[in-house]
Asks: 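Structure in structure tokens, see below.
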Number of protein chains: 2
Amino acid sequence: MAKQKVSPVSVDGAGFLTHVAYDSVVFGFSEGQLKILLMEYHNTGLIALPGGFIRTDEDLDEAVRLGLEDRTGITNIYLEQFHTFGNKSRHKPEILQKILEANGIHAPKEHWMLQRFISVAYYALVDISTVSLQPDALSDSCTWYEINRLPKLILDHATVIEKALKTLRFNLDNKIKDSNLLPEKFTMKDLQKVYEAILGEELRRTSFQRKMLAGRILKRHDKLYSGEAHKAPFIYSFHK
Amino acid sequence: MAKQKVSPVSVDGAGFLTHVAYDSVVFGFSEGQLKILLMEYHNTGLIALPGGFIRTDEDLDEAVRLGLEDRTGITNIYLEQFHTFGNKSRHKPEILQKILEANGIHAPKEHWMLQRFISVAYYALVDISTVSLQPDALSDSCTWYEINRLPKLILDHATVIEKALKTLRFNLDNKIKDSNLLPEKFTMKDLQKVYEAILGEELRRTSFQRKMLAGRILKRHDKLYSGEAHKAPFIYSFHK
DNA sequence: CCAAAAGTGTTTTAGCTACACCCATGA
DNA sequence: TCATGGGTGTAGCTAAAACACTTTTGG
């Protein structure tokens, strides 16, 4: 529930849809590892998913997209809503209070940011190499963390990530071609590494190759001569 | 966006999470037809999905469950959240105004119910035969409609139903055993009829039977002697 | 020529379909 | 014994997995 633009903070939340927030689980892939983007708030040690609020004149999807564009510099991010979290036990005003205090903002109890939120969660699939991270006003870092070395997170953000990953695994075959996890051109081995990182298991090389080729989503280009002493692999891109 | 308890309507929405609502697509099955529960508002001719608001002391899931229990009398409803709709184009205050007016409530422009809502949508699978419908305070009917004979609906409710049905079709094999679409005990033919109504296509009898038996979700009981001149079918129930 | 990694041919397996046939039932 | 509908055996198809083999590459 980090937010990107809090400078003019009104107590009643004018201009924003109160009680509604979004959180985004941004997946990236580099060095053979699946990674997630997390933010750390100034002077608090608190780490959270990047998120924000919805302005009264924005579509929900649009708000999420713009919030992410601000932080990653990427336009055209692959984004998908996967769940809305609305348990009342998520309401921990002392945490948000602490974050605001650490930034010199003394919010009264009735401040809209201290009230209970329903949070709509999205996941994104981005190419880490094209991202230049921009912490927001309340945070001093915005960093990639390996999926299996996550730090302690505020609220139920660990659960949110868990569910995002589950959804991603379930839909991977359908989503991979629209994702931005890999650069435009890649080898079959690159693609297999992405699958293995996401599914958390090793796959048979030959079965994987055949399954992918049967899917008709790959376009084959020239071979890649790496200078190494073995057959050169084909380069692929996703169709259209 | 019907609501179940509006008697004490405060302008600022105290006690409710403003800007958040839920809509529920309740599927039922009878007479070989898939049906959906819809409500008609007093003196307006407006027809909508049953829905409501979330109280500040309720979980989101709990609010939806209780709202449905009020209307159908069923406890233990199978409920699943499938999408959250948040386009700003959904905001049509004149419709809600009309509904309130028709009930003698003259709400000022800044009334919370006339503001923009994010709506969390759920679908439910219930056994029509155990339901006794209860219209809420703003509605004069609460009726089952055949899925392919739906009336014109307010806002984007037709889209919501479309998406609910798509989700249900996609997950049917996984959800059927927890659904309440059929009474506890049923024949293979009954089950096939449910599948056909949901998928909107006819299925081969023998293939269907084998697929279901292979799924290990059915427990076989005695035979059902209907008094008709043919082999008596087995009775089944879902495991656990 | 060798080792490493890529690509492909062949066999096996599993699930589903289609068709056939037999069985139980009450008139 | 007949018509009706339910259950299951068998053969065929297709997609995926498993295994083996060949090819390409630079040292």
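As a basis for the values below, the full set of heavy atoms in this structure was taken, side chains included, without hydrogen atoms, waters or symmetry mates. Chain letters run A, B, ... following the sequence lines, proteins first, then strands; residues in each count from 1.
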Asks: Does B/His19 have any ring-ring contact (aromatic ring centres under 6.0 Å, His included) partners at least two apart in sequence or in another chain, and if so, which?
Replies: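 Partners of B/His19 by the ring-ring contact (aromatic ring centres under 6.0 Å, His included) criterion come out as none, since no residue qualifies.
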Asks: Could you tell me which non-hydrogen atom of B/Gly28 sits nearest to which non-hydrogen atom of B/Trp144, and how far apart they are?
Replies: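 Answer, listing the atom of B/Gly28 first, then B/Trp144: N-CZ3, 3.7 Å.
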Asks: Expressed as a whole number of angstroms, how long is the span from A/Leu224:CG to D/dT25:P?
Replies: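 In whole Å, D/dT25 P and A/Leu224 CG are 11 Å from each other.
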Asks: Could I get the full list of salt bridge (Lys or Arg N to Asp or Glu O under 4.0 Å) partners for B/Glu80, not counting sequence neighbours?
Replies: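 Expected list: B/Lys175.
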Asks: Does anything in residues 144-154 of chain A form a salt bridge (charged side-chain N to carboxylate O under 4.0 Å, His left out)? List the pairs, not counting sequence neighbours.
Replies: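 Applying salt bridge (charged side-chain N to carboxylate O under 4.0 Å, His left out) to every pair that reaches into residues 144-154 of chain A, excluding sequence neighbours, yields A/Glu146-A/Arg149.
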Asks: For A/Ser129, enumerate each residue passing the side-chain hydrogen bond (donor to acceptor under 3.5 Å, both in side chains) test, keeping only those at least two apart in sequence or located in another chain.
Replies: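 Partners of A/Ser129 under the side-chain hydrogen bond (donor to acceptor under 3.5 Å, both in side chains) test: A/Asp127.
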Asks: Check nucleotides 25-27 of chain C against the protein and report each pair of N or O atoms closer than 3.5 Å, with its distance, or say if there are none.
Replies:
{"residue": "C/dT25", "atom": "OP1", "partner": "B/Tyr225", "partner atom": "OH", "Å": "2.4"}
{"residue": "C/dT25", "atom": "O4'", "partner": "B/His230", "partner atom": "O", "Å": "3.1"}
{"residue": "C/dT25", "atom": "O2", "partner": "B/Ala229", "partner atom": "O", "Å": "2.9"}
{"residue": "C/dT25", "atom": "O2", "partner": "B/His230", "partner atom": "N", "Å": "3.0"}

Asks: Please enumerate all protein N or O atoms sitting under 3.5 Å from an N or O of nucleotides 8-11 of chain C, with distances to 0.1 Å.
Replies:
{"residue": "C/dG9", "atom": "N7", "partner": "A/Arg210", "partner atom": "NH1", "Å": "3.4"}
{"residue": "C/dG9", "atom": "N7", "partner": "A/Arg210", "partner atom": "NH2", "Å": "3.2"}
{"residue": "C/dG9", "atom": "O6", "partner": "A/Arg210", "partner atom": "NH2", "Å": "2.2"}

Asks: Between B/Asp23 and B/Lys163, is there a side-chain N and carboxylate O pair less than 4.0 Å apart?
Replies: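 Here B/Asp23 does not pair with B/Lys163 in a salt bridge, since their nearest N and O are not under 4.0 Å apart.
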Asks: Between C/dA14 atom P and B/Arg216 atom CZ, what is the distance in whole Å?
Replies: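 Value for this atom pair: 13 Å.
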Asks: Does any residue of residues 181-193 of chain B have a heavy atom under 4.0 Å from DNA chain D, and if so, which ones, in number order?
Replies: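 Within this stretch, B/Lys189 sit under 4.0 Å of the strand.
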Asks: Pull out every protein N or O sitting under 3.5 Å from an N or O of nucleotides 14-16 of chain D, one pair per line with the distance.
Replies:
none

Asks: Identify, with sequence neighbours excluded, every residue that meets ring-ring contact (aromatic ring centres under 6.0 Å, His included) alongside B/Tyr78.
Replies: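 With neighbours one apart ignored, the set is empty.
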Asks: May I have the list of side-chain donor-acceptor pairs in residues 188-199 of chain B shorter than 3.5 Å, sequence neighbours left out?
Replies:
{"residue": "B/Asp190", "atom": "OD2", "partner": "B/Thr187", "partner atom": "N", "Å": "3.0"}
{"residue": "B/Asp190", "atom": "OD2", "partner": "B/Thr187", "partner atom": "OG1", "Å": "3.2"}
{"residue": "B/Gln192", "atom": "NE2", "partner": "B/Glu196", "partner atom": "OE2", "Å": "3.1"}
{"residue": "B/Gln192", "atom": "NE2", "partner": "B/Leu203", "partner atom": "O", "Å": "3.0"}
{"residue": "B/Tyr195", "atom": "OH", "partner": "B/Asp173", "partner atom": "OD1", "Å": "2.7"}
{"residue": "B/Glu196", "atom": "OE2", "partner": "B/Leu203", "partner atom": "N", "Å": "2.9"}

Asks: Which residue pairs pass the side chain to side chain donor-acceptor pair (under 3.5 Å) test with at least one member in residues 215-224 of chain A, sequence neighbours excluded?
Replies: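 Output for this query lists A/Arg220-A/Tyr236, A/His221-A/Ser237.
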Asks: So, the side chain of B/Thr72 versus the backbone of B/Ile74: is there a donor-acceptor pair under 3.5 Å, distance only?
Replies: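 Flag set: sc B/Thr72 to bb B/Ile74 pair under 3.5 Å.
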Asks: With sequence neighbours left out, what residues match A/Phe238 under ring-ring contact (aromatic ring centres under 6.0 Å, His included)?
Replies: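 For A/Phe238 the ring-ring contact (aromatic ring centres under 6.0 Å, His included) partners, ignoring immediate neighbours, are A/Phe186.
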Asks: What is the separation between atom CZ on A/Phe208 and atom P on C/dA5, rounded to the nearest whole Å?
Replies: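 Atom CZ in A/Phe208 sits about 18 Å away from atom P in C/dA5.
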Asks: Counting just side-chain N and O atoms, does A/Arg204 come under 4.0 Å of either OP1 or OP2 of D/dA17?
Replies: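 For A/Arg204, the contact criterion (side-chain N or O under 4.0 Å from OP1 or OP2 of D/dA17) is not met.
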Asks: Does A/Lys88 offer a backbone N or O that forms a donor-acceptor pair with the side chain of B/Asp59 under 3.5 Å?
Replies: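 Pair found, side chain donor or acceptor close to backbone of A/Lys88.
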Asks: Can you establish whether the number of heavy atoms outside B/Asn76 located under 6.0 Å from its atom CG is more than 12?
Replies: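 Not more than 12 within 6.0 Å, no.
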